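Convention: sequence-line order gives letters A, B, ...; per-chain numbering from 1. This structure is a prediction, so every number in the text was calculated from the model and none was measured.
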Amino acid sequence: MFKNTDFFEAVYGIVRLIPPGKVTTYGAIAQALGSKSGARMVGWAMNASHGLADVPAHRVVNRQGLLTGKMHFNPPDDMQRKLEEEGITVMNDQIQQFEQHFWNPSLAIQIE
DNA sequence: CTAATGACTCGAT
DNA sequence: AATCGAGCCATTA
């Protein structure tokens, strides 16, 4: 139920705003929220987003562009697979041209 | 209440 | 450049 999961919703909202073919980082989302929540919490929120098709967690990676959370997917390869489907090249669980596919969540906040 | 963990990030060595 | 450690915030035990 929706109780104290305010910050979860905030993360979901941003992740849902991530356009196809784009990716972002946990720290970027945390910063978009106001730098209050640690980047770790963002990952924690994603962990709660398991099963939510509205939350493209596969577009969220760490600062290195590494698919750190792919092991939490079902199956884990699905994360890399989806990224490749969007036109993103992934090698060794690492996104190639990560900066090129990087999307700043702050831009979505700016629209608000 | 204290302690430990976690899909992270940055700074120092 | 690579590796190690500490910081950060929220949840769970």
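In this entry the distance linking CH2 of A/Trp44 with C1' of C/dA13 reads 12 Å, nearest Å. Residue A/Met46 contributes atom CE, which lies 15 Å from atom P of C/dT11 at whole-angstrom precision. Summarising the geometry, the separation between CG on A/Leu83 and C1' on B/dA7 is reported as 13 Å, rounded to the nearest angstrom. Residue A/Phe8 contributes atom CZ, which lies 11 Å from atom C1' of C/dC9 at whole-angstrom precision. Look at CE on A/Met41: it is 6 Å from P on C/dT11, rounded to the nearest Å. What separates CG of A/Leu33 from C1' of C/dC9 is a distance of 12 Å, to the nearest Å. The distance between atom CG of A/Leu52 and atom P of B/dA7, rounded to the nearest whole Å, is 17 Å. Distance A/Gln64 CD to B/dT9 P: 8 Å, rounded to the nearest Å.
With A/Arg59 contributing its side chain and A/Ile18 its backbone, the two residues share a donor-acceptor pair below 3.5 Å. Looking only at distances, no side-chain donor or acceptor of A/Asn92 sits under 3.5 Å from a matching main-chain atom of A/Gln94. Looking at A/Ser49, its side chain never comes within 3.5 Å of a backbone N or O of A/Leu52 through a donor-acceptor pair.
A/Ala57 comes within 4.0 angstrom of a nucleotide base, judged by non-hydrogen atoms across all strands.
If you check B/dC8, B/dA7, C/dA10 against the side chain of A/Asn62, the one that comes closest is B/dC8. Proximity note for A/Phe7 (side chain, C-beta onward) versus C/dT11, B/dA7, B/dG6: the nearest is C/dT11.
Of all the residues in residues 13-27 of chain A, A/Thr25, A/Tyr26, A/Gly27 reach under 4.0 Å from DNA chain B with at least one non-hydrogen atom. Shown for residues 89-101 of chain A: no residue has heavy atoms falling under 4.0 angstrom of DNA chain B.
For the pair A/Ile29 and A/Thr24, the minimum side-chain heavy-atom distance is below 4.5 Å. Residues A/His58 and A/Asp78 form no side-chain contact, since every pair of their non-hydrogen atoms from C-beta on lies 4.5 Å or further apart.
Remark: the A/Arg40 side chain and the C/dC8 base include a donor-acceptor N/O pair separated by less than 3.5 Å.
Connectivity analysis of hydrophobic side chains (ILVMFWY, heavy atoms under 4.5 Å, direct or indirect) links A/Phe102 to A/Val23, A/Val61, A/Leu67, A/Phe73, A/Met79, A/Leu83, A/Ile88, A/Val90, A/Ile95, A/Phe98.
Atom CD of A/Gln96 has more than 12 heavy atoms from other residues, nucleotides or ligands within 6.0 Å.
Considering all non-hydrogen atoms of both residues, A/Ala48 and A/Phe8 come closest at CB-CE2, 3.8 Å.
Note that CG of A/Asp54 is 5.5 Å distant from CZ of A/Arg16, once rounded to the nearest 0.5 Å.
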